[in-house]
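I have placed the structure first, in the form of structure tokens, so that the comments after it can refer back to it.
In what follows, chains are A, B, ... by sequence order, proteins preceding strands, each numbered from 1. Values reported hereafter were calculated over all heavy atoms of this structure, with side chains retained and with hydrogens, waters and symmetry mates removed. This is a predicted model, so every value here is computed, not measured.
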Amino acid sequence: EDKVVQSPLSLVVHEGDTVTLNCSYEVTNFRSLLWYKQEKKAPTFLFMLTSSGIEKKSGRLSSILDKKELFSILNITATQTGDSAIYLCAEDSGGSNYKLTFGKGTLLTVNP
Amino acid sequence: DGGITQSPKYLFRKEGQNVTLSCEQNLNHDAMYWYRQDPGQGLRLIYYSQIVNDFQKGDIAEGYSVSREKKESFPLTVTSAQKNPTAFYLCASRSDGRISQANQPQHFGDGTRLSIL
């Protein structure tokens, strides 16, 4: 059974739309929840969330964590074609090795 | 500029052949990781190393081997025992946060795409 579940797996929108990407995780030894954006090559770091209810924001992207319901959302407002990518969610479930467990990703396509 | 360099970008393996993927970082990071990415599968951890001369198996280590002789280098060998090696391989590194005391994210290289001939 997958520990980190992302939804939807793919999404197609038009420029200017707002999108919400979802990530649910298991609670075992939770330390943080991370979001990455992957275009063609390296995933690039977006956010690290450790506390419930505190929104992190970077430009048109924002993310929040709910540790009671065990999920996180990533919002992108006023989407642009450059937002087209795979968005990966990962859980750091504690321990001294800082291993990450990744979800399968959400493929976002933004059409002009 | 500091970063993580993976080479080659593309690699082809013949049947029965071992191939080695390079990962070098000049970020002075202690921990390094290897992931495999298949379509629709997300990233799966192969091996990781938190310190020189020490490494641990991840979730899918069978058919792979690694070494960590230097802090900046963590090469991955895909052996002939790995029957389905076609995938995108990503290397990552992470500061252990001893100076900043803060939890640090992993940062990734640009990947190596491995295919079977």
Side-chain angles (χ1 to χ4, degrees), chain A residues 1-11 21-26 29-51 54 56 58 63 65 72 74 85-107, chain B residues 1-10 23 25 27 29-51 54-61 68 88-98 100-113:
Chain A
E1 187 176 326
D2 290 346
K3 289 187 170 185
V4 178
V5 178
Q6 292 187 246
S7 64
L9 292 180
S10 67
L11 186 58
L21 310 183
N22 303 294
C23 176
S24 65
Y25 64 93
E26 290 186 354
N29 297 322
F30 175 85
R31 177 161 44 208
S32 62
L33 192 292
L34 295 89
W35 285 97
Y36 287 85
K37 175 183 181 182
Q38 184 179 25
E39 295 181 77
K40 295 210 183 294
K41 299 176 183 176
T44 53
F45 171 70
L46 295 175
F47 300 111
M48 178 187 286
L49 304 157
T50 56
S51 300
I54 298 175
K56 293 220 171 176
S58 176
S63 185
L65 178 69
S72 173
L74 175 69
I86 297 173
Y87 289 86
L88 297 164
C89 169
E91 178 189 1
D92 175 354
S93 52
S96 59
N97 50 40
Y98 292 87
K99 286 167 47 179
L100 296 180
T101 301
F102 282 84
K104 293 182 179 180
T106 293
L107 173 61
Chain B
D1 282 356
I4 303 168
T5 302
Q6 290 188 239
S7 63
K9 287 186 168 35
Y10 300 93
C23 178
Q25 54 97 1
L27 300 166
H29 285 174
D30 293 286
M32 297 185 75
Y33 306 80
W34 273 106
Y35 294 90
R36 170 181 172 139
Q37 187 175 30
D38 295 276
Q41 290 293 324
L43 274 65
R44 292 182 290 169
L45 183 64
I46 305 172
Y47 267 99
Y48 63 99
S49 169
Q50 292 181 267
I51 196 168
D54 186 55
F55 49 82
Q56 307 294 329
K57 291 182 179 180
D59 301 317
I60 54 165
R68 187 84 188 277
F88 188 49
Y89 290 86
L90 285 160
C91 177
S93 71
R94 178 188 169 275
S95 170
D96 67 1
R98 271 178 289 187
S100 69
Q101 301 285 306
N103 190 8
Q104 301 292 324
Q106 292 181 21
H107 295 275
F108 288 84
D110 280 347
T112 292
R113 197 165 294 279

- Region of A:Gln38 in contact with chain B, defined by heavy-atom distances below 4.5 Å: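 For A:Gln38, the contact with chain B is made by the side chain alone.
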- Locate the shortest heavy-atom distance separating B:Gln104 from A:Met48; write the atom from each residue and the value.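 For B:Gln104 versus A:Met48, the nearest heavy atoms are C-CE, 3.6 Å.
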- Closest non-hydrogen atom pair between A:Tyr36 and B:Gln106, with its separation: OH-O, 2.6 Å
- Task: Could you give me the CA-CA distance, side-chain angles and deciding distance for A:Leu100 and B:Arg94, then say whether side-chain contact (heavy atoms from CB on, under 4.5 Å) is met?
- Result: CA-CA 11 Å; A:Leu100 296 180; B:Arg94 178 188 169 275; over 6 Å; no
Quick one: which of [options] has the most heavy-atom pairs under 4.5 Å with chain A, could you say?
options                     : value
B:His107, B:Arg44, B:Gln37  : B:Gln37
B:Cys91, B:Gly42, B:Gly109  : B:Gly42
B:Gly58, B:Gly111, B:Pro105 : B:Pro105

- Query: At a heavy-atom separation under 4.5 Å, does B:Leu90 approach chain A through its side chain, its backbone, both, or neither?
  - Reply: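 Just its side chain gets close to chain A.
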- Item | Contact winner vs chain B - A:Pro43, A:Ser10, A:Gly105, heavy-atom pairs under 4.5 Å | A:Pro43
